[in-house]
> 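Okay, handing you the structure first.
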There are 2 protein chains.
Amino acid sequence: MSLNRKELERETRKKLILASALKVFKDLGLERATMDEIAKVAGFGKATLYYYYHSKEEIFNTILLEGWKNMWTSLKEFDVAGKSPRKAFISLLKRIAELVNEDRPLFEFLFFAPKALPAEYREKGEWRVYQNRLYDLLTLMIEAGIKEGQFPQMDTRLVLKAMGGIFHGLVFLGDDRDTITEAEIEEMLGTLLRKDKQAPVAHEK
Amino acid sequence: MSLNRKELERETRKKLILASALKVFKDLGLERATMDEIAKVAGFGKATLYYYYHSKEEIFNTILLEGWKNMWTSLKEFDVAGKSPRKAFISLLKRIAELVNEDRPLFEFLFFAPKALPAEYREKGEWRVYQNRLYDLLTLMIEAGIKEGQFPQMDTRLVLKAMGGIFHGLVFLGDDRDTITEAEIEEMLGTLLRKDKQAPVAHEK
DNA sequence: CAGTTTTTCGAACGTGCGGTCGAAAACTAA
DNA sequence: TTAGTTTTCGACCGCACGTTCGAAAAACTG
């Protein structure tokens with residue numbers, strides 16, 4: 001798909017609008033973000049936005065879709081070949097953390113915005129496809145890891161929830177917006193996921 | 001503070017309004033919740049709501065404040081005397097999970113609604129006082145636990161973030177709204193928090 | 001340059017919603 | 001019953017904000 005100059009410029013402007021919208025969403029919250037404000041940040045008149053997107057909702061959806069799609073794309077190509085499930089899992093999470101640290105506002109939006117949506121709406125978004133693929137991938141890794149005794153021996157679903165939670169907590173929680181280093185993530189996951197040398201409980205008295 | 005019948009009825013009506021508002025917030029999301037809808041659910045005319053609360057915001061704040069205050073009250077009286085930091089910590093989290101399971105919509109609101117707020121606003125709420133007390137309490141427990149070698153030896157802040165995350169993940173994450181049992185929480189925390197040199201806590205029956 | 005297409009935006013429209021007002025209805029006390 | 005008080009709400013107001021329109025400006029083309 002090759003684009004001539006004009007199409008390229010149009011794409012650039014569309015991207016600019018998305019970036020501005022993201023900034024406004026982030027600063028004001030979804031609720032208070034207005035098209036006027038987005039336009040102002042982008043340096044356009046409000047009406048011009050509608051030359052590029054049908055509606056505010058389309059802008060919102062596009063950010064989510066592109067975001068999740070890109071995340072998925074960049075992760076699925078991530079090389080885990082030859083790694084143990086455990087190593088693969090940890091390095092994948094580290095990779096995600098890297099991505100997050102590269103564009104924190106975007107990823108906060110990707111992770112949190114959906115929760116602010118009405119439930120019925122949350123189901124429909126195209127972006128869900130990519131989110132689900134990511135979750136499925138993680139689930140597979142965890143299942144493999146449990147089977148090989150590299151993760152705590154418990155219900156996959158529980159492990160996934162907990163891992164998701166830990167990750168979420170590490171990367172996003174806290175008022176301080178200090179970024180967590182890769183080393184810290186490594187340490188945390190490494191410690192918490194320490195593999196069972198034997199079946200838990202069994203040998204101890 | 002004794003109330004006569006009228007004052008009591010007034011209190012009851014105020015509570016009814018809060019409960020209705022919570023329901024609407026939950027169903028429609030903060031954004032789409034309207035005073036008209038809240039009034040309808042409560043069985044009042046919209047104007048009547050303003051006889052009990054100054055504004056929509058006051059209703060919102062009251063729910064958060066009462067919620068966090070009650071949570072704190074019910075937790076601070078929770079008996080941890082004589083327990084090791086580790087046991088105290090785990091039983092406190094279990095207690096919180098119990099509370100959550102008793103009134104899921106309320107606690108989802110307490111935990112998630114603040115994130116949907118504009119940052120500058122988030123700082124101001126009175127409810128923050130109680131949230132902070134809870135976090136401080138947890139931090140103290142974790143610090144003590146680390147010192148006594150009952151938790152992984154790492155930065156307190158990291159452990160708190162991770163624990164918060166795990167808890168968050170366990171209790172809230174996932175589309176399925178199935179409640180997590182106490183036993184599962186016990187298992188998860190017990191396994192992940194396993195002390196360095198020793199076996200996981202024995203599961204009580 | 002004129003003629004055509006693409007891009008921009010000021011101004012206006014419609015409406016949804018928070019909040020108000022005044023008066024009716026319901027309740028109380030005598 | 002009446003006079004006073006509390007509670008309720010229909011109707012209205014103002015405005016913020018998403019969206020549209022028409023036409024001006026800018027960018028191309030030959």
> Check side chain to side chain contact (heavy atoms under 4.5 Å, CB included) between Tyr50(B) and all other residues, then give those that pass, not counting sequence neighbours.
Met35(B), Lys46(B)
> For Glu98(B), enumerate each residue passing the salt bridge (charged side-chain N to carboxylate O under 4.0 Å, His left out) test, keeping only those at least two apart in sequence or located in another chain.
Arg95(B)
> Who pairs with Thr73(A) by side chain to side chain contact (heavy atoms under 4.5 Å, CB included), at least two apart in sequence or on another chain?
Lys69(A), Glu77(A)
> Tell me, which pairs form a salt bridge (charged side-chain N to carboxylate O under 4.0 Å, His left out) where one or both residues lie in residues 14-25 of chain A, sequence neighbours left out?
Lys23(A)-Asp27(A)
> Starting from P on dG18(C), measure out to CG on Leu49(B) and report it in whole angstrom.
10 Å
> Once salt bridge (charged side-chain N to carboxylate O under 4.0 Å, His left out) is applied, do any residues pair with Asp155(A), and if so which ones, sequence neighbours excluded?
Arg157(A)
> Scan residues 50-65 of chain B against DNA chain D and write down, sorted by residue number, each residue with any heavy atom closer than 4.0 Å; if none is found, say none.
Tyr51(B), Tyr52(B)
> Parallel, tilted or perpendicular for Phe109(A) and Phe25(A), by the 30°/60° rule?
parallel
> Taking only residues two or more places apart in sequence or in another chain, which ones pass side-chain hydrogen bond (donor to acceptor under 3.5 Å, both in side chains) with Asn61(A)?
Tyr121(A)
> For Lys76(A), which residues count as a side chain to side chain contact (heavy atoms under 4.5 Å, CB included) partner, sequence neighbours excluded?
Trp72(A)
> Would you grab the first and last nucleotide of DNA chain D (5' to 3') that comes under 4.0 Å of any non-hydrogen atom in chain B?
dT6(D) to dG10(D)
> dT7(C) C1' sits how many Å from Glu11(A) CD, rounded?
15 Å
> I need the CE-P distance between Met35(A) and dC9(C), as an integer number of Å.
14 Å
> Can you name the salt bridge (charged side-chain N to carboxylate O under 4.0 Å, His left out) partners of Arg10(A), sequence neighbours left out?
none
> Which part of the nucleic acid does Thr34(A) contact within heavy-atom distance under 4.0 Å: base, sugar-phosphate only, or nothing?
sugar-phosphate
> Once side chain to side chain contact (heavy atoms under 4.5 Å, CB included) is applied, do any residues pair with Leu110(B), and if so which ones, sequence neighbours excluded?
Leu64(B), Trp68(B), Met71(B), Leu106(B), Phe107(B)
> Strictly below 4.0 Å, heavy-atom distances to any atom of DNA chain D: list the hits from residues 36-46 of chain A, or just say none.
Lys46(A)
